[in-house]
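Below: the structure, in C-alpha cells.
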Amino acid sequence: MDRDPKPVTVEFEDGIAWVTLNRPEKRNAMSPTLNRAMTEVLDSLELDERCGVLVLTGAGDSFTAGMDLKEYFRETDGLPPIPSARIKREATDWMWRKLMYYAKPTIAMVNGWCFGGGFTPLVACDLAIAAEEALFGLSEINWGIIPAGNVTRAVAAVMRQRDALYYIMTGENFDGRKAAQMGLVNEAVPLSELRERTRALARTLLKKNPVVLNAAKLAYKFCRDMPWEISEEYLIAKQAQTISSDPEKGRQQGLKQFLDEKKYRPGLEGYKREKASKK
C-alpha cells in the first residue's frame with residue numbers, strides 16, 4: 001500500500017506554482033515515494049504555462065527534516081546494488097540536477113524545520129526566503145554520519161567556510177535570522193509575513209523577460225567555477241544565444257525605449273514588455 005498517496009501538492013496562483021512537500025506528520029521527510037513524485041512534478045511544471053515561478057515549501061511547521069531515516073536508509077540498506085542505486089538517483093535527480101538548472105525561476109520558502117538533506121534543494125533553488133522562526137540544522141554528526149548526498153557541497157556553495165564547518169562539526173541548530181546572516185537564504189521575515197514576502201518576490205520575477213531571466217541565472221551558475229578567460233567566451237556566446245532565442249526581442253525593445261522613446265531608465269525600471277504575438 002502506498003503510504004504517501006499525495007506526498008507533493010501543487011497550487012497555482014497567477015503564474016506562481018506553490019509546490020509543497022506534503023508529509024507534515026513526518027516533518028516532510030523525503031522518502032523514495034516523495035522523491036519520485038517531485039521528479040514528476042518538476043517535469044510537469046516545466047511545460048505548464050500556469051507556472052511562471054516555482055515556489056518550494058513544506059506543509060505544516062516544517063520545510064523538510066531531510067531524508068526519511070526509515071524509508072530512505074534503513075529499508076533500502078539490504079537492497080541489491082541496482083535498485084539501491086536507482087532510489088539514490090531518484091533523490092539526487094530532483095534535489096539538484098533538475099532544480100539547480102530548472103527552466104523557470106525557483107524560490108525556496110522555508111517555513112520551519114530544515115535539516116540535513118533539506119539543505120540540498122534549499123541551495124538548488126535560485127532564491128530563498130526563510131521565516132525568522134525557522135530552525136536549521138546539519139545534525140548528521142550527531143547520528144555518526146557526515147552530511148552526504150551533496151549536502152556538504154550545497155553548503156559550501158553558499159556559506160563561508162568558518163560558518164559551514166562550525167555547524168557541520170558541532171551539529172548545533174540555528175534560526176532563520178542566522179541563516180540570512182550567513183548567506184544560506186536571501187532574507188528572513190516573521191513567519192506571519194513569509195508567504196506574502198515570497199509572493200511579492202515571485203511577482204517581481206514574473207515581470208522579467210523569462211528567456212533572459214533563465215539565461216541570466218544559468219550563466220551565473222555555470223560561469224562561477226570557470227577561469228576568467230573561459231567565462232568571458234562563454235558569456236559572450238550565451239548572450240548571443242539569448243538574443244537570438246528571445247521571442248520578445250528584449251534587447252531591441254530596451255534600446256529602442258531608452259534611446260528613441262526616452263521612456264526606459266536602465267537600473268531604475270525594466271523595459272515595457274510586449275507580447276511576442278503582437279510583433
Side-chain angles (χ1 to χ4, degrees), residues 42 46 52-54 56 92-108 110 119-130 136 138 146-169 178-188 201-202 204-259 264-271 273:
L42 291 177
E46 194 170 30
V53 174
L54 185 153
L56 179 66
T92 58
D93 273 354
W94 83 263
M95 282 188 216
W96 68 271
R97 286 192 178 91
K98 288 182 180 293
L99 202 53
M100 180 76 73
Y101 308 106
Y102 202 58
K104 297 177 179 180
T106 56
I107 304 172
V110 186
F119 279 63
T120 303
L122 165 62
V123 172
C125 285
D126 302 322
L127 304 172
I129 308 293
F136 296 80
L138 292 162
I146 68 170
N150 255 351
V151 173
T152 296
R153 179 64 183 88
V155 170
V158 295
M159 291 172 63
R160 294 177 302 180
Q161 178 175 310
R162 294 299 186 195
D163 292 328
L165 283 174
Y166 181 88
Y167 288 104
I168 286 172
M169 295 173 72
K178 186 65 176 179
Q181 292 173 8
M182 296 187 297
L184 180 61
V185 301
N186 292 97
E187 62 183 276
L201 178 57
T204 295
L205 298 178
L206 286 169
K207 294 177 183 178
K208 308 301 180 183
N209 180 315
V211 172
V212 178
L213 187 60
N214 178 254
K217 77 169 192 177
L218 291 182
Y220 170 79
K221 291 181 178 184
F222 282 119
C223 78
R224 62 181 171 177
D225 294 323
M226 293 179 183
W228 281 63
E229 294 82 359
I230 296 175
S231 174
E232 182 180 26
E233 294 298 321
Y234 165 77
L235 290 172
I236 291 172
K238 189 65 175 177
Q239 175 78 303
Q241 178 200 48
T242 304
I243 292 172
S244 66
S245 63
D246 176 17
E248 292 188 11
K249 304 301 180 187
R251 181 177 183 275
Q252 180 178 323
Q253 284 193 52
L255 288 175
K256 178 182 177 183
Q257 291 173 19
F258 175 63
L259 296 174
Y264 163 55
R265 297 178 297 169
L268 299 177
E269 61 186 51
Y271 72 88
R273 294 174 61 199

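- Residues Leu205 and Leu213 form a side-chain contact, since some pair of their non-hydrogen atoms from C-beta on lies under 4.5 Å apart.
- For the pair Glu248 (side chain) and Arg273 (backbone), a donor-acceptor distance under 3.5 Å is absent.
- The number of heavy atoms from other shown groups lying within 6.0 Å of CZ (Arg251) does not exceed 12.
- For residues 211-232, the set of pairs meeting the side chain to side chain donor-acceptor pair (under 3.5 Å) definition, not counting sequence neighbours, comprises Asp126-Lys217, Asp126-Lys221.
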* To do: Give the intermediate values and the outcome of side-chain contact (heavy atoms from CB on, under 4.5 Å) for residues Phe136 and Val185.
  => CA-CA 11 Å; Phe136 296 80; Val185 301; 4.3 Å; yes
* To do: Determine, step by step, whether Thr92 and Asn150 satisfy the side-chain contact (heavy atoms from CB on, under 4.5 Å) criterion, reporting the C-alpha distance in whole Å, the side-chain angles of both residues, the deciding distance to 0.1 Å, and the verdict.
  => CA-CA 8 Å; Thr92 58; Asn150 255 351; over 6 Å; no
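- When all heavy atoms of Glu46 and Ala103 are compared, the closest pair comes out as OE2-CB, 3.6 Å.
- For the pair Trp94 and Pro121, the minimum side-chain heavy-atom distance is below 4.5 Å.
- Between Leu201 and Val53, every side-chain heavy-atom pair lies at or beyond the 4.5 Å cut-off.
- For the pair Tyr102 (side chain) and Leu42 (backbone), a donor-acceptor distance under 3.5 Å is present.
- In this structure, Thr106 OG1 and Leu127 CG are separated by 7.0 Å, a value rounded to the nearest 0.5 Å.
- A donor-acceptor distance shorter than 3.5 angstrom exists from the side chain of Thr152 to the backbone of Pro147, with no hydrogens or angles considered.
- Annotation: side chain to side chain donor-acceptor pair (under 3.5 Å) contacts involving residues 234-246, sequence neighbours excluded, comprise Asn209-Asp246, Lys238-Gln241.
- With rounding to the nearest 0.5 Å, the separation of OH in Tyr271 from CD in Gln257 is 8.0 Å.
- Remark: Lys104 NZ to Leu206 CG distance equals 10.5 Å, nearest 0.5 Å.
- Side-chain atoms of Ile243 and Val212, non-hydrogen and from C-beta on, never get closer than 4.5 Å to each other.
- A heavy-atom distance below 4.5 Å is not found between the side chains of Met95 and Leu99.
- The side-chain heavy atoms of Tyr166 and Met182, taken from C-beta on, include no pair separated by under 4.5 Å.
- Of all the heavy atoms in Ala180 and Ala188, the pair that sits closest is CB-N, 3.9 Å.
- Interatomic distance, CD of Gln161 versus CD1 of Ile168, reported as 10.0 Å (0.5 Å rounding).
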